[in-house]
Amino acid sequence: MLPAWKDFLAKPITSLKGIGDEKAQLFAEELGVRTLGDLVYLLPLRYVDKTQVTPIAQLKSVGSGDVFVRGVLRRVNHIGTGAKRRVSATLQDETGQVDLVWFRGGYYAAQSLKVGTAYSVFGKVNIFKNRASIAHPEISERAGANETFEPVYPSTEKFNSKGVNMKTRRRMVKAIISLLEERFPGAEDTLPGYLREQYRLVTHTKALHDLHFPANHDAAHEATRRIKFEELFLFQMRQLWGKYQHDRDIKGYTIPGPGKIYNQFVAEKLPFTLTGAQQRVLTEVSTDLTSGTHMNRLIQGDVGSGKTIVALLAMLMAIDHGYQAVLMAPTQILAHQHFEGLTEMLKGTGVMLAFLTGSTKAQQRAQTLRALERGDLNIIIGTHALIEDPVVFKNLGLAVIDEQHRFGVKQRAKLWRKNKPHPPHVLVMTATPIPRTLALTTHAELDVSKIDELPPGRKPVTTRHIVEKHRSSVTEWMRSEVEKGRQIYVVYPLIEESEALDLKNVMTGFERIQERFPAPKYHISIVHGRLKAADKDFEMDRFVKGQTQIMVATTVIEVGVNVPNASVMVIENAERFGLSQLHQLRGRVGRGAEQSYCILMTDGRLSDNAKQRIKIMCETNDGFVIAEKDLHLRGAGDIEGLRQSGQMLFKLARIPEDEVILNVAHEEAKKLLSEDPEFVEERHRGLKLHMREIGETRRAWTQIS
Ligand code: ADP
Ligand code: MG
């Protein structure tokens, strides 16, 4: 059940006087506004400052801003007919004259104008041929009564032509707010009073009022601050409470640390010493596994930081105690690489592995599935195919998901249900570092571990930006690298919207490279999304084995592929890639002992944003720095995880801009939960109502899905 005032805000806007179906449709189509709540949360773009009257003579120096002027109407002309019809008028004060114009339907507003009468006029000044004019001004006979800040809402031409002007819009909002104030004077504020006091936040009702009709700019600012705080605080509350419930209600298998297989592997097989960071993360994982609660952990580590071995060691712990483990990767190629790598490392340990993807042959598949269900297999490696229904485990103890940004929430849930009575522990690995701000908004339900150290001996990749006209020197240099026995990636963008054209570019590029690097001396591989999986694997395989020197590809090679001998990455049309993607691609090289290079090719005509991205790439190799910059360059709206998490539902708060408020809200939410996790205290009553409401929505949602 919703609190009464929220019920009220959920009503359609047709419940307002004067708003019929036609106007309601206009609001829905043009602005997505359907309910009273939609309307009050649709914020003003700006405010009109009617406290200052500008002398008309000064309009030219105002340029193109909003102005408020007062004067006597000297002339009104109706010009043209039909669609071309417009109304032009002249307003005069002691200092000069200004033209007022209405066109394309806007002339309704000008119909009743009387020459010789004094008017207050508000609008945006236009200067053309040294003459000031105001198009579609707001005009009123009243003088003085409007001396306030007034909201200007997002609008479209259609609103004008349907006779819904700013004045009407204001009246509608004002009516809703007055009703709210009258009917629900003591509306339960979801923000506890002590937080409002501590951070000097106005009440919810006051905030709504001041968002629309503030006395001055400060009041508007305070109202905004209050609503942002509320949004971010409640969001953190929900996330953290979800995690609290998870830890309270969900038990996991107790896997008490390393056993025989693990110890034997470390003693006899582990080909290197773990870095400090790997060791630390492994300890965090084994603490989870030992604890009896259910692990839901994210490991962040830059490309090449050695996440795989940490995952393998965790899997061995599970196997040591009789559980099975699964390792899922987003692509066939990656899954297969993992399978080959792990098979090699686990030779002689007695651990049984299998590989399963969508293209595994029926007979093989049936056999693997049987072995899995009987418990004859310890580890299964593959793609999404692993979460399909026919895949049944005997006792799945640990699920590792590599490169999780390709996995959706639903898929993870499916994985959870793969085991009874407890879900498998979940370890998610990503090479896309998530800035703290984002982690708070998208991953609050996960515990996060960081591998923030690369294995010793890695040489940082040297990155250069080269423009098209110097391509021949790049080609010559590539030839000299190939002569030294190195392998090269050449990567092209392939974006869905321009797929046909992009594919053509890849093919043209491939042909050009074949001309410059002719057989039989040179061999070139090509991989793109249109190839059949088997062909892709074949081409990839030739490159991995060193049978081809150059791999021309689209971004299918983006994640995880490991070819230590490949030391050059040429990225074509680099300006078309996002920062994180460029960094991921670059991570394909720099895996061997050789000095590696990343060449960013562009035609040199770059937007400011693209220039920034390329510059950052040339300056740093640090994935955490890049992720931070990426977030600020793109804004959160563009980032996949954020849209998924529904954070774009914030009405006012913006990530990353409001990260300071977010951090405070996070700390307060955490503190509150540690003190009163079940909301029994009186001071958390409003919040409790809100959380219950969320709980109910969530239940309703899981019932339909
Ligand atoms: P990623 O984190 O990108 O998945 P990988 O797990 O593929 O990285 O590791 C990259 C390479 O580094 C692999 O060849 C792996 O064997 C090697 N490696 C991992 N850890 C270490 C270490 N501690 N010392 C030396 N080499 C390591
Ligand atoms: Mg990896």
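Whatever order the structure lists ligands and atoms in, that order sets their numbers, starting from 1. All values below come from the heavy atoms of this structure, side chains included, with hydrogens, waters and symmetry mates left out.
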Partner residues of Asn395 under the side chain to side chain donor-acceptor pair (under 3.5 Å) criterion, sequence neighbours left out: none
Within 4.0 Å of some non-hydrogen atom of Thr275, the atoms of ligand 1 are 23 (N)
Listing request: all ring pair (Phe, Tyr, Trp, His ring centres under 6.0 Å) pairs with a residue in residues 254-302, at least two apart in sequence or in separate chains. His246-His294, His294-Trp416, His294-His425
Is a donor on one side and an acceptor on the other found under 3.5 Å between the side chain of Asp320 and the backbone of Gly259? yes
Which one of Pro271, Gly304, Ala311, Ser305 has a non-hydrogen atom at the shortest distance from atom 3 (O) of ligand 1? Gly304
Using modelled atom types and a 3.5 Å cut-off, is there a donor and acceptor pairing between side-chain atoms of Gln324 and backbone atoms of Lys394? yes
Give a yes or no on whether Lys615 atom NZ has more than 12 heavy-atom contacts from other residues, nucleotides or ligands under 6.0 Å away. no
Could you establish whether Gln279 and ligand 1 come within less than 4.0 Å of each other, counting only heavy atoms on the residue side? no
Can you check whether Leu274 has an N/O within less than 3.5 Å of an N/O in ligand 1? no
Can you sort out which atoms of ligand 1 are near Thr308, meaning under 4.0 Å from one of its heavy atoms? 4 (O), 5 (P), 6 (O), 7 (O)
Distance in Å, Glu572 CD paired with Asp502 CG, rounded so as to fall on 0.5 Å steps: 12.0 Å
Is there a heavy atom of Ala431 sitting under 4.0 angstrom from any atom of ligand 1? no
Ligand 1 and Gly301, any nitrogen or oxygen pair closer than 3.5 angstrom? no
Would you kindly specify which portion of Met429 sits under 4.0 Å from ligand 1, judged on non-hydrogen atoms: side chain, backbone, both or neither? neither
Checking the side chain of Thr360 only, and the main-chain atoms of Leu356 only, is there a donor and an acceptor separated by less than 3.5 Å? no
Out of all atoms in ligand 1, which are within 4.0 Å of some heavy atom of Thr273? Include the element for each. 22 (C), 23 (N), 24 (N)
